[in-house]
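Every number for a ligand or one of its atoms is a count from 1 in the order of the listing.
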Amino acid sequence: MAAAFTSSFLPSPHFATSKPTFKPIPRTPLSLPSIRAAASSDPSSTTTTAAAAAASSVNKVSNIRDEARRLSPHPDAHNFSAKYVPFPSTSSNADESYSLDEIVYRSNSGGLLDVQHDLDALKAFPGSYWRNLFDSRVGKTTWPYGSGVWSKKEWVLPEISSDDIVSAFEGNSNLFWAERFGKQFLEMTDLWVKHCGISHTGSFKDLGMTVLVSQVNRLRKMNKPVVGVGCASTGDTSAALSAYCASANIPSIVFLPANKISMAQLVQPIANGAFVLSIDTDFDGCMQLIREVTAELPIYLANSLNSLRLEGQKTAAIEILQQFDWEVPDWVIVPGGNLGNIYAFYKGFHMCKELGLVDRIPRLVCAQAANANPLYLYYKAGWKEFKPVKANTTFASAIQIGDPVSIDRAVYALKNCDGIVEEATEEELMDAMAQADSTGMFICPHTGVALTALMKLRKSGVIGANDRTVVVSTAHGLKFTQSKIDYHSNDIKDMACRFANPPVSVSADFGSVMDVLKKYLLSKAPKY
Ligand SMILES: Cc1ncc(COP(=O)(O)O)c(C=O)c1O
Ligand SMILES: N[C@@H](CCOP(=O)(O)O)C(=O)O
């Protein structure tokens with residue numbers, strides 16, 4: 001496969017996305033028949049022609065996709081729309097924009113892009129309309145609104161046909177009242193954990209990937225040159241990409257830093273049939289490579305450099321407001337690596353304010369591992385000069401990133417919400433994870449980073465005892481069992497593992513079992 005896609009084999013200008021152009025990409029840009037065939041829709045997939053769609057509407061309704069097709073308004077029935085614009089938008093780039101159907105990741109000047117919605121069209125409806133609409137879609141299986149992302153479709157990809165959507169009904173994740181953890185370790189009454197990791201592939205990446213892969217599905221039906229979708233990953237983006245692509249029968253290609261992601265994360269793209277490259281570099285090296293490769297080959301870039309992803313991820317912020325019955329929390333703490341997610345949260349909250357659903361936004365905290373802390377250093381230096389770092393090994397392996405692509409987005413978000421950046425050492429993040437687990441959670445080390453930030457900000461009095469605070473848990477703890485095993489086995493060099501709870505070995509006789517149990521119960525008995 002690799003040999004078939006050498007750059008000399010392809011008319012590369014059509015794939016050279018590093019130099020964006022205002023010209024729309026031609027509909028049939030490939031002269032190579034085999035590649036063109038591969039890039040077009042697969043008739044064996046869920047794709048249906050307009051005729052088939054019409055036919056199915058008169059036939060007996062057989063599934064939720066057919067039902068959606070039958071009920072969905074004509075695409076022209078509303079005038080909501082979105083386009084790519086340079087990020088941040090300024091008076092000097094105000095004229096530059098791209099259709100979402102173009103394959104473009106960078107602005108004319110080489111900067112980031114953002115998806116900009118037609119806010120005037122959305123503002124034609126009051127905040128109460130949007131609150132009621134979003135609330136009415138929760139807990140249903142109506143396609144595609146049963147998804148926490150697509151229940152906000154008008155704010156995500158307003159123009160995509162429901163028929164093109166690839167969804168696992170992601171989102172609608174648990175907002176957990178961390179009552180015991182808050183009381184016992186922080187003297188807090190109103191602490192919540194948004195479990196974005198309790199999701200289809202076990203991380204918040206599903207929220208963004210459903211949007212990206214749906215758009216790819218649409219592009220392929222339009223015969224755009226997209227043979228496969230690729231990403232660099234520390235394990236979660238690749239898991240989400242491979243699952244959504246597999247579901248839509250689209251080839252996925254993942255670049256993974258060799259020996260730097262958990263076994264559970266590695267097996268996810270393998271099981272989902274992705275083309276997996278294990279590369280002898282770190283995440284930043286993989287990211288550089290995928291950027292170069294996607295500029296040459298008809299592989300669509302799935303990392304959060306692609307601003308489409310953030311449209312899905314921002315719905316977690318809207319969901320938090322919804323779960324609090326549209327009351328705004330005081331603080332939201334998000335672990336940061338490539339730094340797309342902190343901006344996505346800001347964008348979701350900001351849109352809710354702008355469109356009248358709420359009247360303020362929370363303060364955001366971005367939490368980094370001290371071993372991979374370029375944003376923290378930048379913040380501490382008063383945003384003076386950003387310097388990428390060489391990221392060192394961290395138990396929070398999914399955020400072992402030294403040169404985050406969304407640095408500008410993160411800084412923008414933090415500056416506009418009076419945000420804070422904190423960091424966590426390896427010992428702090430592992431202790432925090434163990435403490436949270438001991439109160440009934442089962443979190444990932446990245447959430448341990450976020451909890452450490454909270455502990456520090458509580459201790460310094462920045463976050464008050466009664467402040468309503470949400471910690472965003474980004475991945476499922478089951479993806480990171482080896483770090484928990486090491487911790488609870490007291491098997492980590494230079495770490496006290498203060499909250500380790502190793503199993504007790506005992507011989508198989510009644511007396512020995514009774515002895516250890518009595519000792520345990522005595523240690524737990526209430527002291528009157
Ligand atoms: C589990 C987990 N938490 C946090 C992050 C950080 O998100 P972002 O890269 O958007 O900052 C990532 C990925 O980077 C992740 O996989
Ligand atoms: N943690 C991420 C790193 C890449 O981030 P992305 O949001 O830019 O895709 C991962 O799981 O790969």
Side-chain angles (χ1 to χ4, degrees), residues 105 112 194-199 201-209 211-212 229-243 254-257 260-262 264-266 268-269 274 282-284 286-288 290-291 301-310 312-314 316 333-347 364-369 372-376 391 394-407 409-411 413-414 421 424 429 433 443-451 453 471-480 483:
Y105 317 116
L112 294 163
K194 176 68 173 162
H195 278 294
C196 293
I198 302 180
S199 179
T201 71
S203 88
F204 72 95
K205 304 287 179 176
D206 294 342
L207 305 175
M209 212 51 84
V211 175
L212 184 132
V229 192
C231 72
S233 184
T234 52
D236 290 323
T237 297
S238 43
L241 176 64
S242 55
V254 306
F255 288 12
L256 302 178
K260 289 189 176 66
I261 70 170
S262 78
Q265 290 170 309
L266 173 61
Q268 288 184 282
D282 55 11
F283 171 79
D284 296 303
C286 288
M287 190 69 225
Q288 181 58 34
I290 194 78
R291 281 165 75 161
L301 180 67
N303 283 102
S304 58
L305 175 67
N306 186 327
S307 46
L308 275 181
R309 279 263 312 280
L310 305 181
Q313 289 173 214
K314 81 181 180 199
I333 307 179
V334 186
N338 222 10
L339 300 180
N341 212 26
I342 186 77
Y343 176 70
F345 269 91
Y346 169 78
K347 189 171 184 185
L364 299 180
V365 178
C366 189
Q368 292 211 295
N373 62 354
L375 180 73
Y376 177 77
T394 167
F395 282 106
S397 53
I399 53 175
Q400 190 182 327
I401 297 172
D403 191 7
V405 300
S406 286
I407 182 71
R409 291 175 175 141
V411 173
L414 291 162
V421 187
L429 74 90
M433 179 172 77
I443 60 165
C444 69
H446 321 84
T447 310
V449 172
L451 287 174
V471 169
V472 177
S473 177
T474 44
H476 202 295
L478 284 171
K479 288 195 183 197
F480 299 92
S483 63

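- Nearest protein heavy-atom neighbour of atom 5 (O) of ligand 2: Lys205 NZ, 3.3 Å.
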* Tell me, with the steps shown, if Val405 and Arg291 meet side chain to side chain contact (heavy atoms under 4.5 Å, CB included). => CA-CA 11 Å; Val405 300; Arg291 281 165 75 161; 3.6 Å; yes
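- With hydrogens left out, the protein atom closest to atom 10 (C) of ligand 2 is Thr234 OG1, 3.0 Å, a heavy atom.
- Residue Arg309 has at least one heavy-atom neighbour below 4.0 Å for each of these atoms of ligand 2: 6 (P), 7 (O), 9 (O).
- Ligand 2 places these atoms under 4.0 Å from at least one heavy atom of Asn338: 4 (C), 5 (O), 6 (P), 8 (O).
- Between Asp236 and Thr201, every side-chain heavy-atom pair lies at or beyond the 4.5 Å cut-off.
- With contacts defined as side-chain heavy-atom distances shorter than 4.5 Å, the pair Met287/Asn303 qualifies.
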* Evaluate side chain to side chain contact (heavy atoms under 4.5 Å, CB included) for Ser233 paired with Leu256, printing each intermediate quantity in order. => CA-CA 5 Å; Ser233 184; Leu256 302 178; 3.8 Å; yes
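- The nearest heavy-atom contact from the protein to atom 6 (P) of ligand 2 is Ser304 OG, 3.4 Å.
- In this structure, the side chains of Phe345 and Val472 come closer than 4.5 Å at one or more pairs of heavy atoms.
- Of all heavy-atom pairs spanning Asn338 and Pro404, the tightest one is OD1-CA, 3.4 Å.
- Interface atoms of ligand 2 facing Phe283, defined by a heavy-atom separation under 4.0 Å, are 3 (C), 4 (C).
- Closest of all the heavy-atom pairs between Leu301 and Leu212 is O-CD1, 3.7 Å.
- Residue Leu375 comes nearest to Ile407 through the heavy atom pair CD1-CD1, 3.7 Å, listed as atom of the first residue, atom of the second, then distance.
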* To do: Show your working on side chain to side chain contact (heavy atoms under 4.5 Å, CB included) between Arg409 and Tyr346 and close with a plain yes or no.
  => CA-CA 10 Å; Arg409 291 175 175 141; Tyr346 169 78; over 6 Å; no
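- Residue Asp236 approaches ligand 2 through these ligand atoms, each under 4.0 Å from one of its heavy atoms: 10 (C), 11 (O).
- For Gly235, the closest heavy-atom approach to ligand 2 falls below 4.0 Å.
- By the 4.5 Å heavy-atom criterion applied to side chains, Pro374 and Gln368 are counted as neighbours.
- Taking a 4.0 Å cut-off on heavy atoms, Ala398 registers as neighbouring ligand 2.
- Contact of the Cys444 side chain with the Thr474 side chain is registered, since non-hydrogen atoms from C-beta on lie closer than 4.5 Å.
- Protein neighbours of ligand 1 below 4.0 Å, counting non-hydrogen atoms: Phe204, Lys205, Asp236, Pro335, Gly336, Gly337, Asn338, Leu339, Gly340, Asn341, Ala398, Ile399, His446, Thr474, Ala475.
- Using 4.0 Å as the threshold, Gln265 has no heavy atom nearer than that to any atom of ligand 2.
- Among protein heavy atoms, the minimum distance from atom 9 (O) of ligand 2 is reached at Thr237 OG1, 2.7 Å.
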* To do: Kindly determine whether Ser406 and Tyr343 satisfy side chain to side chain contact (heavy atoms under 4.5 Å, CB included), including the steps that lead there.
  => CA-CA 8 Å; Ser406 286; Tyr343 176 70; 5.9 Å; no
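- Atoms of ligand 2 found under 4.0 Å from any heavy atom of Ser233, numbered from 1 in the order shown, are 10 (C), 11 (O), 12 (O).
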